[in-house]
Amino acid sequence: VDAADATQETDVQEVTQGDHRVVVVRRRGLADIDDPALRRALVEWNPRPDAPSVLTRPGQEPWVPARAYVRLDGTPTVDDGAATPVVARTLAGAMLTAARPALRQCYEDAFARRPAAHVTVGLRFSITAAGVVADPTIVRGSLGDPAGDACMLEHLRGARLEGDAPPEEVRLDIDLMFFYAASVQVNESTGRAPTVLDPPAEDPAAEAH
């Protein structure tokens, strides 16, 4: 018996038959990752058809990749014009819906130049009766650098709302929150991904208290 053979398992039994002692040696072959047949079986075996094979995937794939998000922060206020808080929030949400792809790109470019995982920018702008954003200005914070701020104002100016134009021009004051969320991995025990979390707190230790 070669005890150094890691690909076999040996079972030795002694059986007495009258005056004779019979030694029965059973050898069982163990799985060898270098065995082509085993590798082929592992590639083909997949209990979850929607998941990659254990051998063909390079590692645990993210369910949701890392990406930039843009959200309203707080309650929009009316700086000028006759609009209720509900109308102000509706108009601010419509503006964000119209401009979000461009604003996200501005933040991603600014992040590449000067990484900031979480920033808040205060904006003041008008929404005309035609549903067009006019005269946007930054009144608080920054997207990260002057180029990022200029990009944000350029794409806000002239953004057109769909179906939410006010009866007369309204000027709003809002805060926009830009943040990066890390990729979310699949929970291997359930096969599901947890919900994407809110942006990280400025001071996690302070949040805990």
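If you read the sequence from its start, that first residue is 1, and numbering goes on from there.
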Is there a side-chain contact between L172 and V78 (heavy atoms, below 4.5 Å)? yes
Specify the closest pair of heavy atoms between A129 and P167, including all atoms of both residues, with the distance to one decimal. CB-O, 3.8 Å
Taking all non-hydrogen atoms of both residues into account, name the closest pair between R104 and A68 and its distance. NE-O, 3.1 Å
Out of V133, L96, L161, which residue meets the side chain to side chain contact (heavy atoms under 4.5 Å, CB included) rule with L91? L161
Begin with the C-alpha distance, continue with both residues' side-chain angles, and end with the deciding distance and a verdict on side chain to side chain contact (heavy atoms under 4.5 Å, CB included) for D149 and M152. CA-CA 5 Å; D149 294 343; M152 180 169 50; 4.3 Å; yes
Considering all heavy atoms, the nearest V132-G158 contact: CG1-CA, 3.8 Å
Evaluate the criterion side chain to side chain contact (heavy atoms under 4.5 Å, CB included) for residue pair L72 and L176; output intermediate values, then yes/no. CA-CA 5 Å; L72 286 173; L176 289 182; 3.7 Å; yes
Report yes if some heavy atom in the side chain of P136 is under 4.5 Å from a heavy atom in the side chain of L123; otherwise report no. no
Euclidean distance, D175 CG relative to T75 OG1, rounded to 0.5 Å: 10.0 Å
So L156 and M95, side chain to side chain contact (heavy atoms under 4.5 Å, CB included) or not? Walk me through it. CA-CA 8 Å; L156 280 175; M95 179 281 296; 3.4 Å; yes
Between atom CZ of R100 and atom CZ of R71, what is the distance when rounded to the nearest 0.5 Å? 9.0 Å
Would you call R113 and D145 a salt bridge, taking side-chain N to carboxylate O under 4.0 Å as the test? yes
So which atom in A110 and which in L143 form the shortest heavy-atom distance, rounded to 0.1 Å? CB-O, 3.8 Å
Aromatic centroids of Y107 and Y69 separated by under 6.0 Å: no
Any donor-acceptor pair under 3.5 Å linking the side chain of R124 with the backbone of T137? no
Check whether any side-chain N or O of R171 sits under 3.5 Å from a backbone N or O of D135 as a donor-acceptor pair, and report yes or no. yes
From R67 atom CZ to F179 atom CZ, the distance as rounded to the nearest 0.5 Å: 9.5 Å
Using every non-hydrogen atom in the two residues, find where R140 and I174 come nearest and quote the distance to one decimal. NH2-O, 3.5 Å
Measure across Y180 and E108 and return the closest heavy-atom pair with its distance rounded to 0.1 Å. OH-CG, 3.5 Å
